[in-house]
Peer 1: 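Before I ask anything, here is the structure I am working with.
The analysis underlying the following values was restricted to heavy atoms, covering all of them including side chains, and did not include hydrogens, waters or symmetry mates.
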Amino acid sequence: MLFQTISMKVVIASKYQYLESFLHAVVQDDYQREKVWRNRRNTVELVRMGDVPLVVKKYKRPTLANCVIYTFFRKNKAQKAWENAFLFQQLGLETAAPVAYMVRRKWGFFHTAWFISEYLPYPEIDEAYEACSSDAEKEELMSAFVDYTLHLHSLNIVHRDYNRGNILVHKEADGYHFALIDINRLWLKHTPNVELSMRSLMMLQLEEPELGVVLQKYAEGRGFDVEDCEHAISRLQRFHEVRSKIKHGFKRLIGLEHK
């Protein structure tokens, strides 16, 4: 037989070797969940091992084509999340500490993957913003957030899913601190230009006046012309609107979506 029917790869951080039996229970879907979040792509669960809260992320099984790609040509999402978490730690950036990742193969091909991390008990940036007691405090938070984004980009790191649900915040004596989660999709090649920077900021889906404040401060920090940033945002918004119309129109055409 060329391949085993099912094989597993389990990689565990040295600090968490004692969790090996729990990780095998995760693969067997035999464990207690404290909370479950789902979207169309993945399942994210909060679990507790004694006093240690953990997050179990199970990635939705990809298309057949992507199963082949993840087998032979590209790292799967769980492995990338694992490696990027260690990269963040090395750079002094906060993220959920990596615990383990697992990959199941079937007939030699990628099938399913899991990424396990520590749980960060911080609010998302929207919650932190709404909890601000004054406009001055909101301005302080947004200013700190732009500084954080500038720091990320100075390190050649662009989060390719930079939405507000992936940005966590906590305030310490020295000010606001930020942590990024869901970091399997990063752009790490070079310092982002105007177009790539705006593509990342557009994912925040900010409305005026917050968008204008963020663009002004970001442009100043990068030495960009703020009008170039605004034009880039406008182009990207138009592109996404057209693409969305084409996508939904095609789905209606083939009967996958109703008017």
Peer 1: Do the side chain of E127 and the main chain of E124 share a donor and acceptor less than 3.5 angstrom apart?
Peer 2: yes
Peer 1: Among E210, R164, E137, find the one that has a side-chain hydrogen bond (donor to acceptor under 3.5 Å, both in side chains) with Y129.
Peer 2: E210
Peer 1: I need the single residue from L211, V226, V146 that forms a side-chain contact (heavy atoms from CB on, under 4.5 Å) with Q216. Which is it?
Peer 2: V226
Peer 1: For the atom pair OH (Y16) and CG (L54), what is the distance rounded to the nearest 0.5 Å?
Peer 2: 6.5 Å
Peer 1: How would you list, by chain and number, every residue that makes a side chain to side chain contact (heavy atoms under 4.5 Å, CB included) with D30, sequence neighbours excluded?
Peer 2: Q28
Peer 1: Students often mix this up, so state it plainly: with edges at 30° and 60°, are the rings of H170 and Y122 parallel, tilted or perpendicular?
Peer 2: parallel
Peer 1: If we ignore angles and hydrogens, is there a donor and acceptor under 3.5 Å between the side chains of Y119 and E34?
Peer 2: no
Peer 1: Is the side chain of S143 donor-acceptor paired with the backbone N or O of E140 at a distance under 3.5 Å, no angle test?
Peer 2: no
Peer 1: Verify, without hydrogens or angle tests, whether H231 (side chain) and E227 (backbone) share a donor-acceptor contact under 3.5 angstrom.
Peer 2: yes
Peer 1: Mind listing the side-chain donor-acceptor pairs of residues 175-189 below 3.5 Å, one per line with the distance, residues two or more places apart or on another chain?
Peer 2:
from	atom 1	to	atom 2	distance (Å)
H177	NE2	D174	OD1	2.7
H177	NE2	D174	OD2	3.3
D182	OD1	K57	NZ	2.5
R185	NH1	R160	O	3.1

Peer 1: Which label fits Y218 and F224: parallel for a plane angle under 30°, tilted from 30 to 60°, or perpendicular past 60°?
Peer 2: tilted
Peer 1: Membership question, hydrophobic clusters at under 4.5 Å side-chain separation (ILVMFWY): are L150 and V214 in the same one?
Peer 2: yes
Peer 1: Counting only N and O atoms by type, is there a donor-acceptor contact under 3.5 Å from the side chain of N166 to the main-chain atoms of Y162?
Peer 2: no
Peer 1: Check for me whether the distance between the ring centres of F86 and Y101 falls short of 6.0 Å.
Peer 2: no
Peer 1: Within the 3.5 Å criterion, strictly below it, is a donor on R222 or S197 matched to an acceptor on the partner's side chain?
Peer 2: yes
Peer 1: Is the distance between the ring centroids of F72 and F109 under 6.0 Å?
Peer 2: yes
